[in-house]
> 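Following this message is one structure expressed as C-alpha cells.
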Amino acid sequence: MIVEVALPVPLRGGFDYLLPEGQPTPTPGCRVRVPFGSRQLSGVVVTIKQDSEQPTAKLRQLSAVLDHQPILSERLLEWLNWASRYYQHPLGDVISTALPARLRKGDAATIQQTCWQLTETGLAQDSQSLKRAPQQQALVERLQSGRCDARTLKQAFSATVIRALEEKGLIETVEDEYVADTDWPQRIHICGQLTPNLEQSLAITAVNNHAQGFQCFLLEGVTGSGKTEVYLQTIAPLLKQGRQILILVPEIGLTPQTVARFEQRFGIEVAVLHSGLTDKERLRVWQQAGLGEVGIIIGTRSAIFTPLANPGMIIVDEEHDGSYKQQDGWRYHARDLAVVRARMEKVPLILGSATPSLETLNNALGSRYQHLSLGKRAGGANAVKHQVLDIKGQALDYGLAKGMQQRIRLHLQQGHQVMLFINRRGFAPALICHQCGHVEECHRCERSFTLHRQLKKLQCHHCGDAKVVPHRCAACGHPDLQPVGMGTEQLEQGIQRIFPDYSAMRIDSDSARGKQKLHGLLEEINQGKSQLLIGTQILAKGHHFPRVSLVVILDVDSALFSADYRAAEHLAQLITQVAGRAGRAQIQGELWLQTHNPGHPLLQDLLNNGYQHFARLALKERQFAALPPYSYQALFRAEAVDGNLAYGFLEQVKACLQPTDITLIGPLPALMEKRQGRYRMQLLLQSDKRTGIQQWLSNMMSNIEKLPLANKVRWSLDMDPMDFT
DNA sequence: AGCACGCCGACT
DNA sequence: GTCGGCGTGCTC
C-alpha cells in the first residue's frame, strides 16, 4: 500500500510513502506526518495506490496519521487539484494556502468537548435510591441513555444538581468528540424585509428558479439600486432549508454594517472571516462551517476555501474588485475559483457589481452567465455632474491646472470638501505632447509606447518593439514632450502651498495601514477635519462622503495610455464608483477630469453613455486587439539584483517554446522595472485558446524548473495576470 | 522552501 | 585549530 502525500514545498507532484505494518490506511484528505529529507513535515493524503513510480527502496515510511476523518472532503480536494493544474502551482502549496494556519501546523481538526457520563458506581446505582432528589434522579436517568455534553446538560439542570451528583461519585466528566449544533435553520426569523421593485423581483425570481443547481448570475446594479436586498431575498429560502451561504466581499467592504445587515434580517449569527482574526478564531469558523453550524459565512478572498457541510449558494460582491486576486505565492483569483467551486458543489453563484469586470460582462453577454440588471437608483439622489478639463498647453502646478485650482477654491470657500484622485494603479508613463496631446504610439499595434527612463527608451508592451526617446512631437513638432502624469507625485507636498488656509489629508494604503486606522481616518474626514483629501483607489471603495462636493481625477491620461490594457477599465470603474459616493443629499456633486485628450472615444463614451455602454465598447476594443477576455494570458515574472540574469532566464524559458498557437511577448521590463534593488522582467504568453497555454505549461513546467538560471533568479508564473507592475 | 554539506576567511 | 559566511543540491 502506497500513500501519496501533498507537502507544503514548492515542488511539483506528490510524494509517495509506505504505510507501516498495522497502521490503518488513511483516506484521502487526512493529514499525515512524514519524514522529508532531514525534517518532519505534515501534509495531506491525496491518493492511496498499489504501486509507485519511484523505486521501492527510495520510499520511506509514514510517521503518523493525524486525522481519523478527512479534513478536506473529496469534492474540495478535487477542486484544489483542479486549481493546482489550472494555476500550474504545486498541489501541496495550494492545499496549504487553503487550510487555516492551525491545521497547517498540525492542530487537532476536531473540536473536543467536555461531556458528563455515569461513573461505574453511577451505572450500578439504582436510580430509585435518589427518590428524594427528583432533579438528581432525572439527571441520572438522562445519562443512562448515554453521555451528554456539558453545555446542553447545564441548560437542563442546575449547577447544584450536577455538583451534588459529582460529589456522590455518580457522574464524571470525560473529553469527547464535539456534537455539532445545527438547529440554526429553526432559529431564522425574517425581519425588516423590503418590498422589491420590479427589477429586483425579476432578479429574485430568476435566481430562485435555478436555486437547486449550478448557474452563474451577473447581478449588475448601480450603487444604491438594492443589490443587497436581492442577495437577502434569494438566500432566504435556501437558509430555511438549512443550506449554507458563502459571501465574498472585497477587503475594504467587510464592515460591521455589512455583517449586521445579514444578522438583522435573519436573526442568526453570521460567521466572519477577515484578516483581523487570530489563527484560533479562524480555525473555529472553518470548523463550524464544515460542521454545518453556521448558515452565513462572510469573508474576504481566502474565505473561498471555507468548507461547507451543506452548501446553498455562493455570492461574490463587487466581483470586479482587484482584491480578489492574490498577488503573491499562489496567485489565485477568488472569483474564478468561486465559479468552479459552485459548479462542483452544484449551487448557484451570484456575481454582483455596479461596474462588472469585462471578463464577467463578456460571460454574461455570451449567455454563459445569466444577466440580471438593476437600473433604478433608490432614493433619487442627485446625479453627479461629470466635466472634462482640457489641459493641453496649460501651466500645471503639481499636476493641477490653474482653472482647476480656482474651481477647488470655490468649493472650499463654500465650506465643502474636495477630493483629489491620483490614479497610480498600473502606472506606466506614456510620452505625451503637452501642446497637442499627441501620444507616441507603436505603429504596428496602435498602442502607446511606455517610457522606461532607466533604459532610456520607449517600449511597446503589446508587441515588444522598442525605440529611442524622441525629442519632438511627431504630430506638431513641439519639443514639449512629457511623461503622462508627471508632477502628480509632488501633489501631496504642493497642495498645501497652493491652499495654505485649508488642511490637506492623504489617504492611501500606506497611511491607512490597518483596518481601524482607515475607519478612524474616514471618521475624521466626515467630521470635516480636513478639507482637501488626496487619495488613490482606497477612497473610492464603499465609503460615503456627504461633505465632498468636488472630485478631481488628475491624471486621466495615464489610464488612457497605459501599457496595462486594463487601466481604462479600472478608471471607468473608479469614476463610476466615485460618482455614486460623493455629493449626496442637498449638495450637488461635481466630478472633473483633467486630460489632454477630451475627445478620447472611451472617455467620451463613459461620460455620455455610462459604464454599461462604455464596457461594451471597451470589450469591442479588446476583441479587436485580441486581448482578454478574447484571449488567455499567462505571465512569467523574474527578478534579480542583476537584471541580465532575470532577462536571461526568461530568454531560456522562451527558447523552450515551440511557438504553435501561443504568442510570446518579451522578455520585457516590468512596468515597475526595479523594486527593492531588484530588476524585474516579464515574459507574456498569449493564446486565443486556453487549452493551448495549459497544455504547453503542464508539459514544460518541470523543464523550466530545471533551467540553469532557474535557481539564480526569483521567478513565478501568474495565470490570468491582472497587474503588470 | 528548508536544511545539510562543503569549502574558504578571521577569531578564542 | 574552530566558528561561521552563504553557494549548491536534494527532498518520496
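The chains referred to below are lettered A, B, ... by the order of the sequence lines, with proteins before strands, and numbering in each begins at 1. Since this is a predicted model, take the numbers as computed values, not measurements.
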> What's A:Lys706 touching, base or sugar-phosphate or nothing? Going by heavy atoms closer than 4.0 Å.
nothing
> Could you pull out all residues at least two apart from A:Pro8 that satisfy side chain to side chain contact (heavy atoms under 4.5 Å, CB included)?
A:Ser96
> Just the endpoints, please: which first and last nucleotides of DNA chain C, 5' to 3', lie under 4.0 Å from a heavy atom of chain A?
C:dT8 to C:dC12
> Sequence neighbours excluded, which residues qualify as side chain to side chain contact (heavy atoms under 4.5 Å, CB included) partners of A:Ala638?
A:Ala646, A:Phe649, A:Leu650, A:Val713, A:Trp715
> I'd like a table of donor-acceptor pairs (distance under 3.5 Å, sequence neighbours excluded) in which one partner is a side-chain atom from residues 52-60 of chain A, with atom names and distances.
| from | atom 1 | to | atom 2 | distance (Å) |
| --- | --- | --- | --- | --- |
| A:Ser52 | OG | A:Asp16 | OD2 | 2.5 |
| A:Ser52 | OG | A:Gln54 | N | 2.9 |
| A:Arg60 | NH1 | A:Gly37 | O | 3.1 |

> Excluding sequence neighbours, so at least two apart, what forms salt bridge (Lys or Arg N to Asp or Glu O under 4.0 Å) with A:Arg104?
none
> Identify whether the distance between the nearest side-chain nitrogen and carboxylate oxygen of A:Arg690 and A:Asp720 falls below 4.0 Å.
yes
> Can you give me every donor-acceptor pair (side chain of residues 23-34 of chain A, partner residue at least two apart or in another chain, under 3.5 Å) with its distance?
| from | atom 1 | to | atom 2 | distance (Å) |
| --- | --- | --- | --- | --- |
| A:Arg31 | NE | A:Asp67 | OD2 | 2.9 |
| A:Arg31 | NH1 | A:Leu103 | O | 2.7 |
| A:Arg31 | NH1 | A:Asp107 | O | 2.9 |
| A:Arg31 | NH2 | A:Asp67 | OD1 | 2.9 |
| A:Arg31 | NH2 | A:Asp107 | O | 2.8 |
| A:Arg33 | NH1 | A:Ser42 | OG | 3.1 |
| A:Arg33 | NH2 | A:Gln40 | O | 3.4 |

> Please list all pairs passing the side-chain hydrogen bond (donor to acceptor under 3.5 Å, both in side chains) test where one or both residues lie in residues 281-292 of chain A, with sequence neighbours left out.
A:Thr278-A:Glu281
> Each nucleotide N or O in nucleotides 1-8 of chain B that has a protein N or O under 3.5 Å away: list the pair and distance.
| from | atom 1 | to | atom 2 | distance (Å) |
| --- | --- | --- | --- | --- |
| B:dC3 | O3' | A:Ser38 | OG | 3.1 |

> Mind running a 4.0 Å heavy-atom check of residues 76-90 of chain A against DNA chain C and sending the residues that fall below it, in number order?
none
> How would you list, by chain and number, every residue that makes a ring-ring contact (aromatic ring centres under 6.0 Å, His included) with A:Phe305, sequence neighbours excluded?
A:Trp79, A:Trp330, A:Tyr332
> Among all residues two or more places apart in sequence or in another chain, which pass the ring-ring contact (aromatic ring centres under 6.0 Å, His included) test with A:His461?
A:His452
> Can you list everything that forms a side-chain hydrogen bond (donor to acceptor under 3.5 Å, both in side chains) with A:Gln326? Sequence neighbours excluded, please.
A:Arg301, A:Asp328
